[in-house]
**Student:** 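Just passing along the structure, written as structure tokens.
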There are 2 protein chains.
Amino acid sequence: MVTLRVNWRVSLRLLGGVLKWLALPLAAPLGLAVIDGDPTAPFLVPIVITLAAGLGLERLETDTQLYTREAYLMVALSWLCVGLIGAVPFVLAGNGGLATPINAVFESMSGITTTGATVIDDFAAHSRAILLWRQVIQWLGGLGILVLAISILSQLAVGGAQLMETESQTQDVHKLTPRISETARLIWWLYAGVTLFAAGGLFALGLAGIAPNMDAFNAVSHAMTAVATAGFSPQPDSVGAFAPAAQWLIVPFMFVGATNFILIYFFINGDLGRPLRNEEFRFYLGLVVGASVLMGLLLVTDPTLTTTGVEETARLATFQVVSLLTTTGFATVDFNAWSPAAKHLLFSCMFLGGMAGSTTCSIKLLRWLIILKSFRRDLFTTIHPEAVRPVRLSGTAIDEETIRDVFSYTMLSLVIFFLGTIVVVVDGARIGLELSEFEALSAAAATFFNIGPAFGVAGPFNSYSPFSELTKAVMILLMYVGRIEIIPVLVLFTPSFWRS
Amino acid sequence: MVTLRVNWRVSLRLLGGVLKWLALPLAAPLGLAVIDGDPTAPFLVPIVITLAAGLGLERLETDTQLYTREAYLMVALSWLCVGLIGAVPFVLAGNGGLATPINAVFESMSGITTTGATVIDDFAAHSRAILLWRQVIQWLGGLGILVLAISILSQLAVGGAQLMETESQTQDVHKLTPRISETARLIWWLYAGVTLFAAGGLFALGLAGIAPNMDAFNAVSHAMTAVATAGFSPQPDSVGAFAPAAQWLIVPFMFVGATNFILIYFFINGDLGRPLRNEEFRFYLGLVVGASVLMGLLLVTDPTLTTTGVEETARLATFQVVSLLTTTGFATVDFNAWSPAAKHLLFSCMFLGGMAGSTTCSIKLLRWLIILKSFRRDLFTTIHPEAVRPVRLSGTAIDEETIRDVFSYTMLSLVIFFLGTIVVVVDGARIGLELSEFEALSAAAATFFNIGPAFGVAGPFNSYSPFSELTKAVMILLMYVGRIEIIPVLVLFTPSFWRS
Ligand SMILES: [K+]
Ligand SMILES: [K+]
């Protein structure tokens, strides 16, 4: 039966399923709080809330059939509710500025959206349990977005997201996993496995004495937010706190986190050539290498920088390019001190993002690739209007409506981003926080495209706490809207969504 | 007969027609040089060049039938050749930095593209004749772009440019003027008339003693570059050199210059309600008023600014918003000293531009309006995929392919702009000119979108002379490509353009 009116009960019932399961990851910081002798209430209370709300909502409805509108509503509600509930531990822990409602929601939304923008000024004021919760919520956000992207957005064709299926492997996956829950299970194992692998590798560096301060807590924490391309760190100086070997090791995991997980699935299952047969992956690899080399040249020729040699320059350039291009947002150095040219290159990376079907945010390379291919085709058809020449991706023709959706989505992203910059800079002027134009541009980009650190006031080793409450509220909205690919939120504000 | 191979002889023959006529406007500064007793060779030489080249090229071919490729080639060659020949007076005059080839071509291309970016550091070093030539070439650029936009680009459907015809008046115009030369004649009278009206008004203010320094030279000079939304001024402090009344009077002429001239034609012919029935015009008017009011609020609340009252604040805000939104680039004040919020608002205006079918540059409001309408429609069809709801402009449905062209053109503009910013900032670092990111962003935007002044080093009362020769060469290319709407240049670089 096709419902004529949006069946919000179904959305709420499935939201209940999400909330119920949120109790489980809350047990991780709870356990650490018990071990460290820290207060447990900040985690016990939200566990009770999620279980009660989850089980209650599940009883609302027996039907679980999602149609388009129910799916959008469920997605929008899930990220909103988890973002709000995730703030409860910060409020209840009551430490420092993080305990104010706006800051707690900012940090939590920054977590679940895998943004990694923080309002923490003093990391030492917080227990390891609270810091672990930030990491866990980002890891969950990464998992959530994989399930959303691969099994929901691609089916709803948001901004051309169905194109991540033009690779035949996704048709196989659909045969393997005809239902969302099965896709989720497949992705879950893959995601957990890669994270475990990263944590093991980092921990081994710690054990071997190569990265002495990389203990179990730090290994797990950074593995979770590298694979999720999320970027929170329990260290005030981010990945800069660790030895070069640990910094290098984190690079491939950010890279993998920003790769289409279906490609990773097939790669792990023995089809080693699959990624290189994928045009988007080749584009991604080329951009990472090209931007890293260009950044290396900019760092080498910068007379104000004193790097000790080739390894350090290569590491600084590669790490920071990969971190920003994959929308992770880790830093090994305060890149605020770099030259405008180097900073501008990092700023450019913010608009790219990794592959579709990954944990990455921003516009994503799939869309940019189609846009570039479309430019080329359009130049041809300008001269030969009678010619029919479809845009092809990895050999498959893309229909024209999808190309228009890609352009529309990308343009909508850029327009929202730019409107965001106006709010940030005008509201900054209102409270006497004189931001430079570039600070405003980068802060809006860093939140809307879910990167995390920006430049200047919100730089990699700084925090977002100086912004006004109004700006923070707008940024929370930007992170939220940007993360779930805009459309699921915007459609809720169209009258036709609610009419039959 | 449809030609299979591009008939470049036809393009060159028509280029000859353009060059031949260029001798006439060169006579204006020649006359002033005679009056002032300044050297005449800088103008006599290019007059001989244009007449010889023009008459020579016209003998190359008798056919004058333009098809698509011939039209693109002719357009690309016209702006390029006029840009190069326009530089000859600057080189031959031999005064200051302007006489170096790169600077002379920069200034000339900035003129013919109605950009208004200058490399002159010392205005006193140049004769009135040379300064008048800058104004004349901009006025010609404005006329050229009107003919190009209304009679060529709209027929070639560049980036949705044919939509400026959805107003029924253009069908009338096509009946009136079935050939380019007739359209050109209609526009010529209109354009010359509006310019004369502006010059008369400004001169009257001078005669009446209200704007004492507004002599005939200044009145004509500023009338020409206001109506052309071009922005050169013989005064080092631009329109700031004149009394408030003159500043106010220039505002409506910039506004008119950025209005579709077909609308002006019908308005002058008695259809006073026509502009307000045009959706793009209403959008334009709304943006001008809205941005001026917001700018006024930003100026009033800026504690560092000391304005003397309501009139001054209203004038500063309105003038600068209209100047940048219409892509004119005049300044009455060094807006570099304004707050980041105010500068960011002006920066935003750079991406808008006036109406299609005007002398204005940048992306243009027609395209933005269609993009916004398309967003709204897409949200509806996301929920109702079965619904057919065309995007309408002033009541007329727009076909989907045109909408895609609009998105594609706008995105291509933004991509080229952004690549331009990378070149500007990286090449700046190379020569030790440390530009801030915002300076690089605004300098690329100011040249590619043909605005003129940027922020910081290339601010309204500064010049582009500090940039490297390489950057200037890239900026010349940006001005050129941006002015003739990208496609006529890019298609020349596709192999299929030259093949049969
Ligand atoms: K991030
Ligand atoms: K201009």
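For the numbers below, each heavy atom of this structure counts, side chains included, while hydrogens, waters and symmetry mates do not.
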**Student:** Given heavy-atom pairs under 4.5 angstrom as the criterion, report whether the side chain, backbone, both or neither of A:T68 touches chain B.
**Tutor:**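 Side chain of A:T68 only, per the 4.5 Å heavy-atom cut-off to chain B.
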**Student:** With a 4.5 angstrom heavy-atom cut-off, which part of A:V415 approaches chain B: side chain, backbone, both or neither?
**Tutor:**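 Answer is side chain: those atoms of A:V415 sit under 4.5 Å from chain B.
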**Student:** Nearest 0.5 Å, please: how far is NE2 in B:H384 from CZ in A:R69?
**Tutor:**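 The CZ atom of A:R69 sits 5.5 Å away from the NE2 atom of B:H384.
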**Student:** Which residues pass the salt bridge (charged side-chain N to carboxylate O under 4.0 Å, His left out) test with A:D302, sequence neighbours left out?
**Tutor:**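 Salt bridge (charged side-chain N to carboxylate O under 4.0 Å, His left out) list for A:D302, sorted by chain: empty.
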**Student:** Nearest 0.5 angstrom please: B:S496 OG to A:R389 CZ, how far?
**Tutor:**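 Here the rounded value is 7.0 Å.
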**Student:** Taking every non-hydrogen pair under 4.5 Å, which of B:R404, B:E434, B:K343, B:R430 racks up the most with chain A?
**Tutor:**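 Top count of heavy-atom pairs under 4.5 Å with chain A: B:R404.
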**Student:** Working to the nearest 0.5 Å, report the span between CZ of A:F407 and CD1 of B:I403.
**Tutor:**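 Rounded to the nearest 0.5 Å, the CZ-CD1 separation comes out at 13.5 Å.
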**Student:** Less than 4.5 Å to any heavy atom of chain B: does that hold for the side chain of A:I371, its backbone, both, or neither?
**Tutor:**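 A:I371 touches chain B through side-chain heavy atoms alone.
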**Student:** Among A:D378, A:V424, A:T301, single out the residue with the greatest number of heavy-atom pairs under 4.5 Å to chain B.
**Tutor:**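 The candidate making the most pairs under 4.5 Å is A:D378.
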**Student:** Go through the atoms of A:Y72 and report whether side chain, backbone, both or neither lie under 4.5 Å from a heavy atom of chain B.
**Tutor:**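 Just its side chain gets close to chain B.
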**Student:** Where does A:L435 contact chain B at under 4.5 Å (heavy atoms): side chain, backbone, both or neither?
**Tutor:**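 The answer is the backbone of A:L435.
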**Student:** Please flag which part of B:L297 lies under 4.5 Å from any non-hydrogen atom of chain A: side chain, backbone, both or neither.
**Tutor:**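 Neither part, no heavy atoms under 4.5 Å.
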**Student:** Under 4.5 Å, counting heavy-atom pairs only, tell me which of B:P340, B:A342, B:P385 racks up the most with chain A.
**Tutor:**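 Going by pairs under 4.5 Å, I would pick B:P340.
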**Student:** If you round to the nearest 0.5 Å, how far is CG of A:L412 from CZ of B:F375?
**Tutor:**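 Reported to 0.5 Å precision, the distance equals 4.5 Å.
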**Student:** Atom OG1 in B:T381, atom CD in A:E401: separation rounded to 0.5 Å?
**Tutor:**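 Reported to 0.5 Å precision, the distance equals 7.5 Å.
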**Student:** For the interface with chain A, which of B:G428, B:S436, B:S408, B:A429 has the highest count of heavy-atom pairs at distances below 4.5 Å?
**Tutor:**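 Looking at each option in turn, the highest pair count goes to B:S408.
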**Student:** Identify which part of A:S442 has an atom lying under 4.5 Å from any heavy atom of chain B, answering side chain, backbone, both or neither.
**Tutor:**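 For A:S442, no heavy atom lies under 4.5 Å from chain B.
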**Student:** Under the side-chain contact (heavy atoms from CB on, under 4.5 Å) criterion, do B:F497 and A:F380 qualify, and how do the steps go?
**Tutor:** CA-CA 8 Å; B:F497 183 89; A:F380 179 82; over 6 Å; no
**Student:** Using heavy atoms and a sub-4.5 Å threshold, report which of residues 484-492 of chain B line up against chain A, by residue number.
**Tutor:**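 Under the 4.5 Å heavy-atom cut-off, B:I487, B:L490, B:V491 qualify.
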**Student:** State, to 0.1 Å, how close B:I422 and A:S348 come at their nearest heavy-atom pair, and which atoms those are.
**Tutor:**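 Shortest heavy-atom contact: CD1-OG, 3.6 Å.
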**Student:** Just give me the residue among B:L441, B:T494, B:T421 that pairs up with chain A most often, heavy atom to heavy atom, under 4.5 Å.
**Tutor:**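 Of B:L441, B:T494, B:T421, B:T421 has the most heavy-atom pairs under 4.5 Å with chain A.
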**Student:** Enter the distance from B:H344:NE2 to A:E439:CD here, rounded to the nearest 0.5 Å.
**Tutor:**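 The NE2 atom of B:H344 sits 12.5 Å away from the CD atom of A:E439.
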